[in-house]
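To start, the structure itself, in structure tokens.
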Amino acid sequence: MDTLCSLSGLDPLWDWNQTWYTHNPELSNCFQNTVLVWAPCIYLWVLSPFYCLHLYCHGRGRLPLSSLCSAKLVRQTAKTFFHWSAKQTVPPPTHTSGHSNRTTVFTLFGAEVRGCRSSVFLFFFWLLGVVCSLIPLHAKVQLAVDQVFYLFKHLSTFCTFWPYSVFVANLFLFFSQNACPVQDASFLSKILFWWLLFKGYRSPLQAEDLWSLREEDTSEKIISDLEEEWTAEQENHLSTSIALGSRLPEQAQFLRKIQKEQKESSQMLSYIRNQQISSYYIVSAFKPFSLFFKSLLLGFMKDEDAPLWKGYFYASLMFLLSCLQSIFNHQYTYTCFTVGMRVKTAVMGLVYRKSLVVNSAARRTCTVGEIVNLVSADTQKLMDFVVYFNAVWLAPIEITLCLFFLWQHLGPSALAGIAIVIFIFPLNGFIARKRSKLQEIQMKYMDGRVKLMNEILNGIKILKFYAWEKAFLEQVLGYREKELKTLKKSQILYSVSIASFNSSSFLIAFAMFGVYVLIDDKNVLDAQKIFVSMALINILKTPLSQLPFAMSTTMQALVSLKRLGKFLCQDELKPDNVTRESFKSDVDGVVFENGTFSWSKDGPPCLKRISVRVPCGSLVAVVGHVGSGKSSLLSAMLGETEKRSGAVSVKGSSAYVPQQAWIQNASLQDNILFGREKKESWYQRVLEACALLPDLDNLPAGDTTEIGEKGLNLSGGQKQRVSLARAVYRKADVYLLDDPLSAVDAHVGQHIFNKVIGPRGILRDKTRVLVTHGMSFLPQADLILVLVDGEISERGSYQELLNRNGAFADFIHTFASSERKDCFSEASQRGNITVKLEMYIEYFHTIGLPLIVSIVFLYAFQQAASLSYNYWLSLWADQPVINGTQLNTDLKLGVYGALGFAQGIAIFGTTVAISLGCIIASHHLHLELLNNVLHSPMSFFESTPSGNLLNRFAKEIDAIDNMIPDGLKMMLGYFFKLMEVCIIVLMATPFAAVIILPMAFLYGFIQSFYVATSCQLRRLESVSRSPIYTHLNETVQGASVIRAFNEQSRFIMGVNHKVDHNQTAYFPRFVATRWLGVNLEFLGNGIVLAASILSVMSKGTLSPGMVGLAVSHSLQVTGFLSWIVRSWTDVENNIVSVERVKEYADTPKEAAWSIEGSSLPPSWPQKGTIEFHDYGLQYRKGLELALKGISVHIKEREKVQIGIVGRTGAGKSSLALGIFRILEAAKGQIYIDGINIAEIGLHDLRSRITIIPQDPVLFSGSLRMNLDPFDAYTDEEVWNALELAHLKNFVSELPDKLNHECSEGGENLSLGQRQLVCLARALLRKTKILVLDEATAALDLETDTLIQSTIRSQFEDCAVLTIAHRLNTIMDYTKVIVMDKGHIVEMDSPSNLIAKRGQFYYMCREAGLL
């Protein structure tokens, strides 16, 4: 090359005297005209074919030609023509520009055609062209200083040099307005996150301002691949489990299940390896280079003859490397969070889909609260694992490399540092294992707490009716106390881990320097040795500080993986439980062939030897006592039970009406249509047949009225009719009806039977299997099945069974043959726009001022100790060497060690203090939330979805428990370290204050600009997360209905939409954090540059020790700023959890539970008299009164039973709500035994009177706890109550008797048995006033008669108020109150009312009693 240059009449290609050993460095003319010209062109020509091949294979389709791309094409074409026309007048090497222009035009056009808006390949070509052009430009500018004419002639031409202008164009490339800006952003915009648009700084963000997700981030794309892999893995595991001895851990299985998360052909872990680790390696690779240039800078400071430009050159290179490190670090983190987001989507999708297919036995072991925990807390831990798990194995590699360089620098003394590391790792491994076990225990307590809270929220009305809030509050607090006690132990262990890792750099330095100076007096610690070694040790700080967190995150993730794996491996419903065939009108609709069924694999059979054929178009009635297996028979037809033997087949589609109506949180119309297209004529016909048209007039918006969660603003009868209408609208072939008429009034039930179910109903041509307790419907059934203990004891038509004179005939001859409460509608809520300062004050106030002062003092002390021993090192480095040795090394080493150990103790004290303070705050916040929720009136629960409340107790409390303390530790730790760095830099070069102060203001501005948007995104993400939990809760409870209607795919699409909507807020939130991090780290890099430049400028006045101290610490600024940003953002975002927990403090509360100093007699009420004085009640202010001017006096001598009847909406249940003060009086008073109930505590009132509600609610726990949560009664009294409730025989046969564990909601008991348990509660309390709110609607008539007999005998001296559907149950009552539209229209004995021929007379006639 030198020969070629000489032949061209130019100087040599490279001359060290011209470029390096000089005060004015320059590149040779030959180098400028060859290498700098050809390098970009060779890059373009060699790589363009490969780039074109990539475009051909991975094109996204042609894009419309943007104006900017058109401008670039025109410019490139013009430059090509310019070079072609001028090629005779320019130097030969410049001809390459023309060829490059043509190649660029072709590549630009090809990229646009293949759907690539911004080309990374061309970006680097232009960047390389600019860099190679700057040096000739510099030379020409230097030449122009003396030759003005040359400046105008050549500089003007060069300024139009194409690489520079096109690079600038690409630099500011705008993306088109698309779904997500990142898809069309330029390469530079992507790596610096400039594509992020901040809309929330000046105006509040709305959900519609968010971008839609990229296709690869959507649930549909992720789950479609993942489900396929999961199914294959399950099959593979089943085939290999025997060979493996079934010892494969669930987490190992699950890790394999989520491998296909990223792409069709790439597995998740390999994706992380290829995408994240490559960035991580590059980030790590910059550190040795930074160290190398720092060593050169220190050498420059010692060399008095070195030219200044070399110092500036080293400083600039350090700045450039720091910037590149920041870019790669945030790209790595961005990739991690993106993959973490997809893992979250995948896990949520798997859990939701699994919840739709788990069998009954598995469902009883996996409560709704536990499932919510899986998609909240456990999913978050998996996301953290994806972000931090690389540090678990890469950090040891980085530590090994640093120790290797230390060995080269200090020789065998480095072994002392290795010994320290070897000690630290096993210690922290032991701590990690202990914390893993503690976390398992903590999660178990958390599951129990959330499960109990879910049950409390589902059964809150029962708790309030029975005044049981305190008992359940104590249970929740018991779980919480154990949870926090375990968390405290874990945090103390974590503090030991943090202290050991944060002190590790000092311990390593102390050990190595101590050994180095003690083994040989000739070993001198000068500035270069100390600060290069300290720089290496500082590099160690990052992996050593990340490692405990990464190990902790990994341990937590493994626990979560185990829990997720356990749930996902639960038994599923078997498709062969029922055979489904296409509909044929000439064959039987349902066929059982000697079928035996059970609810679990190992459980006792619930149905035995069932053989029956149901002809198409027939009506089959199923009757039997409570617990005889009626509902189990329908479940067998749906495939919900385990088939032990035999066969069952169903011809055609099916529709199912459960005994307890399942209503969605949607409009009334959506509940009926249930995903089908609306056909107006058929829809109106269904509404009329199901007696829903009158109800539409009472609803605020007719059939578009939003129904609250679990049908809160519908009565029991309305819910059942909506459930029936849903099935009727379906036009299915087989209808399975589980006692749908029990909750409606007698006349409404007769109307529905005639119009829908009966021989003349709109389902007359359909196959109908009806479970019923209504004897009046049986004569019209084609076939009646009588079940006894899970077996069909009798079958035949009504007349055939009567003629046999068997048990059924006796049953029929004994008997002849409803409405509910009104509730509030649901309301929504929104948060404030910014996090208020009051939230921080409130949070720190709960910690306590003394503890906060201690924390600040300890932080200041530990950083003062750190600053002192670092400054001490700089003084040690500057000490002169006398006769090859340094004086007083023992003293210097002792002082250094004392300061370092003091810092370590302060670190441990600080982390323990923060942990304890945050646990105290968390305890207070949870207690306050729990008290606020339990003291809220029923209207609050009826307007607030349980998913919102459960989210507070699960996700938000978990964030307060774990995220805020970790964020505070990290933020305060790095903040004080940053202060230390600034002090050291200012000590070295006071002039740096001129640069640091403006940067601090700029730092604050960028941070405040970001926080406004980030907090709003956090809120939007939190608000959009609650519907996921609500939807999940709703799905789990209605899974059998969803499966019966074969609507799984629609519900899966619904949860996909909700998860994607949640992720649309999460994605820009973590991208905004990366934008902030890049910008702030660039500011930090400016501090590095300032410290280096100012050190070079002050070369003659600064000691090498001080320069080494300042530069080595300034190099850490970018890392500190990065972690401050991350931790502050975490704290800022998670403090929203405090706000969301506190927001219920200001909601309306019900009256006090008890009043101090109350003179209420202990035995009140003794007489049981009830007086209504012009009583009025309304559900909400502004609404019409539900009860109007009620005046009734139930006197002591009338210790009799009073029936309350009326049509739907008459106000019967409202009367009961008023007596229990579930709703407070709008006017008038209620007196019980002469005491105004409004003047006593709610618990004083509710604990002295009793109600048996229509919906029997049981809680998970022992049967005894469900009867007597306060342990106020003896076992003998409990058994006596069970005997009177006709449950003694059943309970006696249970293995655990009174300790029998009830599942969530009492699902392992039949509905009738649950109702009898509620009766046993009343018998146990035996108060002077008893209210029965349609309590026997779900029972067969024989059991109903037994209960009525029990009530008459056991409550003969009490006032019994019965809200009745079955008028025959109150015909022998002393008094009947007839209500209509909130008024009492009639009140007298039944016989007198019939004689008057008023409203009661007509109701009896409609019920067939006259």
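Predicted, not measured: the structure shown is a model, and the values here were computed from it. The first residue in the sequence is number 1, and the count goes up from there.
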Side-chain donor-acceptor contacts of residues 852-862 below 3.5 Å, not counting sequence neighbours, with atom names and distances?
unit_1 : atom_1 : unit_2 : atom_2 : d
Ser854 : OG     : Pro850 : O      : 2.9
Tyr859 : OH     : Lys969 : O      : 3.2
Gln862 : OE1    : Thr910 : OG1    : 3.3

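- Considering every non-hydrogen atom in both Gly897 and Phe506, the closest pair reads O-CZ, 3.4 Å.
- Pairing each heavy atom of Asn1085 with each of Ser326, the nearest pair is ND2-OG, 3.4 Å.
- Residue pairs meeting the salt bridge (Lys or Arg N to Asp or Glu O under 4.0 Å) criterion with at least one member in residues 498-513, sequence neighbours excluded, do not occur.
- The nearest pair of heavy atoms linking Pro965 to Ala959 is CD-O, 4.4 Å.
- Applying the ring-ring contact (aromatic ring centres under 6.0 Å, His included) rule to Phe953 yields the partners His926; only residues at least two apart in sequence or on another chain are considered.
- Residue pairs meeting the side-chain hydrogen bond (donor to acceptor under 3.5 Å, both in side chains) criterion with at least one partner in residues 893-902, sequence neighbours excluded, do not occur; the list is empty.
- Leu968 and Val1131 make their closest contact through N-CG2, 3.6 Å (heavy atoms, listed as atom of the first residue, atom of the second, distance).
- Partners of His935 according to the ring-ring contact (aromatic ring centres under 6.0 Å, His included) rule, which considers only residues two or more places apart in sequence or in another chain, are Trp1153.
- The two residues Phe513 and Leu893 make their nearest non-hydrogen contact at C-CD1, 4.5 Å.
- Looking at Asn962 and Asp958, their side chains do bring a donor and an acceptor atom within 3.5 Å of each other.
- A search for side chain to side chain donor-acceptor pair (under 3.5 Å) contacts involving Glu842 returns Lys1142, not counting sequence neighbours.
- Looking at Lys1149 and Thr1147, their side chains do bring a donor and an acceptor atom within 3.5 Å of each other.
- The side chain to side chain donor-acceptor pair (under 3.5 Å) test applied to Ser500 returns Asn428, not counting sequence neighbours.
- By the ring-ring contact (aromatic ring centres under 6.0 Å, His included) test, Phe423 pairs with no residue at all, sequence neighbours left out.
- For Lys482, the side chain to side chain donor-acceptor pair (under 3.5 Å) criterion is met by no residue, not counting sequence neighbours.
- Remark: side-chain polar atoms of Arg952 are paired, donor with acceptor, to backbone N or O of Arg1140 under 3.5 angstrom.
- Ser490 pairs by the side-chain contact (heavy atoms from CB on, under 4.5 Å) definition with Arg435, Leu438, not counting sequence neighbours.
- Under a 3.5 Å cut-off, the side chain of Ser915 and the backbone N or O of Thr911 do form a donor-acceptor pair.
- Of the charged side-chain nitrogens involved, at least one lies within less than 4.0 Å of a carboxylate oxygen, so that Arg1025 and Glu1021 count as a salt-bridged pair.
- Between Val1141 and Ile957 the shortest heavy-atom distance is CG2-CD1, 4.2 Å.
- By the ring-ring contact (aromatic ring centres under 6.0 Å, His included) test, Tyr479 is found to be paired with no residue, residues two or more places apart in sequence or in another chain being considered.
- Every residue two or more places apart in sequence or in another chain that forms a side chain to side chain donor-acceptor pair (under 3.5 Å) with Glu483 is listed here: Arg449, Arg480.
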